[in-house]
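Below: one structure, written as structure tokens.
Counting from 1, the numbers follow the sequence of the chain as shown. Computed from a predicted model, the values in this text were never measured in an experiment.
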Amino acid sequence: MRFDGYRTREERVQEFIDACGGTTFEAVWNCLGEECLELQEAAQDFHTILDSNADDETKAKYRAAFVKEWADVQYVLSQVACFYNIDGEVAFNRVANNNMTKVIDGPDGSKKIQRREDGKILKPEGYEKPDMRGL
């Protein structure tokens, strides 16, 4: 734990894993698959409601269900990090910093990206993958 009392997601999840007596490869990966499917279903339900004439309360209910499933996936991803002893914050920040290298400064100071026809962001010339060694 850090000196300021802040605990990372992985530290909080590790506390739960320890309280439960540990976890297994099968448990972690089965859980991740299940939670990803639940997130996808909740997203589909939420978008169906958003595109309907449902009242605000109903839309809020479906959004809350979607957010809960999103958080479950985040939680299980932290379980994966704990299982493999990955510093999740450092790994995430390395990828986030690396993704910003895909953003090109325009001549007018604007930020630009290049996309494929399907919307995927393309890597610029000279792009290098993030260095995940040591994690």
>> Starting from Tyr6, can I reach Val90 by hopping between I/L/V/M/F/W/Y residues whose side chains sit under 4.5 Å apart?
In response: no

> What pairs meet the side-chain hydrogen bond (donor to acceptor under 3.5 Å, both in side chains) rule with one or both residues in residues 17-31, with sequence neighbours excluded?
Replying inline: Gln14-Asp18, Trp29-Tyr84

>> Applying side chain to side chain donor-acceptor pair (under 3.5 Å), can you list everything that pairs with Lys61, at least two apart in sequence or on another chain?
In response: none

>> Does anything in residues 44-57 form a side-chain hydrogen bond (donor to acceptor under 3.5 Å, both in side chains)? List the pairs, not counting sequence neighbours.
In response: Asp55-Thr58

> Partners of Lys102 by salt bridge (Lys or Arg N to Asp or Glu O under 4.0 Å), sequence neighbours excluded?
Replying inline: none

> Which distance, rounded to the nearest 0.5 Å, do you find between the CD of Glu89 and the OG1 of Thr8?
Replying inline: 5.5 Å

> Of the non-hydrogen atoms in Leu32 and Val80, which two are nearest, and what is the gap between them?
Replying inline: CD2-CG2, 4.3 Å

>> Which residues pass the salt bridge (Lys or Arg N to Asp or Glu O under 4.0 Å) test with Glu15, not counting sequence neighbours?
In response: Arg7

> side-chain hydrogen bond (donor to acceptor under 3.5 Å, both in side chains): which pairs involve residues 108-120, sequence neighbours left out?
Replying inline: Asp105-Lys111, Asp108-Ser110, Arg116-Asp118

> Would you say Arg94 and Leu135 make side-chain contact, with heavy atoms under 4.5 Å?
Replying inline: yes

> Is there a side chain to side chain contact (heavy atoms under 4.5 Å, CB included) between Ile17 and Phe83 once you walk through the steps?
Replying inline: CA-CA 9 Å; Ile17 291 169; Phe83 188 80; over 6 Å; no

> Which residue pairs satisfy the side-chain hydrogen bond (donor to acceptor under 3.5 Å, both in side chains) criterion with at least one member in residues 73-82, sequence neighbours excluded?
Replying inline: Arg9-Gln74, Glu10-Ser78

>> Distance check, rounded to the nearest 0.5 Å: Lys129 atom NZ versus Thr101 atom OG1?
In response: 13.0 Å

> Same cluster for Leu39 and Leu50 if Ile/Leu/Val/Met/Phe/Trp/Tyr side chains link at under 4.5 Å?
Replying inline: yes

>> Run the side chain to side chain donor-acceptor pair (under 3.5 Å) test against Asn85 and tell me which residues pass, sequence neighbours left out.
In response: none

> What distance do Cys31 atom SG and Leu77 atom CG have between them, rounded to the nearest 0.5 Å?
Replying inline: 10.0 Å

>> Checking one residue: Val103. Which other hydrophobic residues are in its cluster under the side-chain 4.5 Å linking rule?
In response: Met100, Ile113, Ile121

> Can you list every pair that meets ring pair (Phe, Tyr, Trp, His ring centres under 6.0 Å) and has a residue in residues 53-72, with sequence neighbours left out?
Replying inline: Phe46-Phe66

> Taking only residues two or more places apart in sequence or in another chain, which ones pass side chain to side chain contact (heavy atoms under 4.5 Å, CB included) with Glu38?
Replying inline: Glu34, Glu35, Glu69

>> Applying side chain to side chain donor-acceptor pair (under 3.5 Å), can you list everything that pairs with Lys68, at least two apart in sequence or on another chain?
In response: Asp72

>> Please find the pair of heavy atoms, one from Ala42 and one from Ala65, that lie closest to each other, and give the distance.
In response: CB-O, 4.2 Å

